[in-house]
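If you read the sequence from its start, that first residue is 1, and numbering goes on from there. Counting starts at 1 for both ligands and their atoms, following the listed order.
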Amino acid sequence: MITLVVAMGLNREIGIDNQLPWHLPKDLKHFKEITSNHPIIMGRKTYESIGKPLPNRTNIVVSRKKDWFEEGILIVGSLKEALKFAQKIDEDIFIIGGGNIFEQTMDIADQLEVTEIKTTIDADTFFPKIDEKIWMKTAETCHEKDEKNNFDFCFQTYKKAK
Ligand SMILES: NC(=O)c1ccc[n+]([C@@H]2O[C@H](COP(=O)([O-])OP(=O)(O)OC[C@H]3O[C@@H](n4cnc5c(N)ncnc54)[C@H](OP(=O)(O)O)[C@@H]3O)[C@@H](O)[C@H]2O)c1
């Protein structure tokens, strides 16, 4: 099972200046719960934006750069290779971005774990359109903003319609 995990605004905004456009601790906790103990695949820019390997998960980073080495991550030269390694580790694989990697993996994904953040915000990176002919929303839980989380948001699961 290949799952894309994303937090996006109402216009599918996901990033600006190689960072997240918001700080939502509840979403980071949710992300940790979903992905811990499973392999995660990400693009080189997303890895650099996080700045360190995420603990308790095999971090697989896709890059075309030669001679790039970082401690604690597996660097591969293609998505195909990333998936091949991930499948050896676990049957549940999580692709965590960014925009470039999401564009290339929507077609092969089985499931989307979306945090829909109820705002529009400045962004330079976006999630692809979720085609309702292909994707069916199967679960949703919503949360209101509070003193630490500045926006209302909903956790949503989409599965590929059969
Ligand atoms: N809101 C969210 O859920 C979320 C999640 C993740 C990221 N983000 C945001 O998204 C932004 C980053 O996304 P992005 O689209 O700019 O970059 P990205 O998808 O993270 O990384 C792109 C890089 O990945 C490598 N790459 C992509 N496809 C490849 C392939 N087929 N084979 C080999 N290497 C490949 C290339 O690295 P090289 O240039 O090294 O060759 C490319 O420059 C940031 O703002 C980040 O904060 C948001």
How does [X] reach ligand 1, by side chain, by backbone, by both or by neither, if only non-hydrogen atoms under 4.0 Å count?
{"X": "Thr125", "answer": "side chain"}
{"X": "Ser63", "answer": "both"}
{"X": "Ile16", "answer": "backbone"}
{"X": "Gln104", "answer": "side chain"}

Looking only at protein heavy atoms, which one is nearest to [atom], and how far off is it?
{"atom": "atom 5 (C) of ligand 1", "result": "Ile96 O, 3.2 Å"}
{"atom": "atom 7 (C) of ligand 1", "result": "Thr46 OG1, 3.2 Å"}
{"atom": "atom 16 (O) of ligand 1", "result": "Lys45 CD, 3.6 Å"}
{"atom": "atom 12 (C) of ligand 1", "result": "Asn18 OD1, 3.6 Å"}
{"atom": "atom 25 (C) of ligand 1", "result": "Val62 O, 3.2 Å"}
{"atom": "atom 18 (P) of ligand 1", "result": "Gly98 N, 3.5 Å"}
{"atom": "atom 3 (O) of ligand 1", "result": "Ala7 N, 2.8 Å"}
{"atom": "atom 9 (C) of ligand 1", "result": "Ile14 O, 3.8 Å"}

Got more than 12 heavy atoms from elsewhere within 6.0 Å of [atom1], [X]?
{"X": "Lys32", "atom1": "NZ", "value": "no"}
{"X": "Glu33", "atom1": "CD", "value": "yes"}
{"X": "Lys80", "atom1": "NZ", "value": "no"}

Where ligand 1 meets [X] - atom numbers and elements under 4.0 angstrom, heavy-atom basis:
{"X": "Ser78", "value": "32 (N)"}
{"X": "Ser49", "value": "47 (O)"}
{"X": "Gly77", "value": "32 (N), 33 (C)"}
{"X": "Gly99", "value": "13 (O), 14 (P), 15 (O), 19 (O)"}

Can an N or O of [X] be found at a distance shorter than 3.5 Å from an N or O of ligand 1?
{"X": "Val5", "value": "no"}
{"X": "Arg44", "value": "yes"}
{"X": "Met8", "value": "no"}
{"X": "Phe102", "value": "no"}
{"X": "Arg64", "value": "yes"}
{"X": "Asp124", "value": "no"}
{"X": "Asn100", "value": "yes"}
{"X": "Ile101", "value": "yes"}
{"X": "Gln19", "value": "yes"}

Any luck finding a side-chain donor-acceptor pair between [X] and [Y] under 3.5 Å?
{"X": "His38", "Y": "Asp92", "value": "no"}
{"X": "Thr115", "Y": "Asp27", "value": "yes"}
{"X": "Glu70", "Y": "Tyr47", "value": "yes"}

Flag, side chain of Asp90 to backbone of Pro39, donor-acceptor distance under 3.5 Å: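 No; zero donor-acceptor contacts below 3.5 Å.
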
Heavy atom of Lys65, distance to ligand 1 below 4.0 Å: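 The answer is yes: ligand 1 sits under 4.0 Å from a heavy atom of Lys65.
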
From Leu20, Leu4, Val6 - option closest to atom 4 (C) of ligand 1 by heavy atom: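 Shortest heavy-atom distance from atom 4 (C) of ligand 1: Leu20.
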
If you define the side chain from C-beta out and look only at heavy atoms, does anything of Met42 sit under 4.5 Å from Asn59?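 Side-chain contact under 4.5 Å: yes.
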
Separation between CD1 of Ile101 and NZ of Lys45, rounded to the nearest 0.5 Å: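 It comes to 10.5 Å.
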
Rounded to the nearest 0.5 Å, what separates atom CZ in Phe102 from atom CD1 in Ile95?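 Atom-to-atom, Phe102:CZ and Ile95:CD1 are 8.5 Å apart.
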
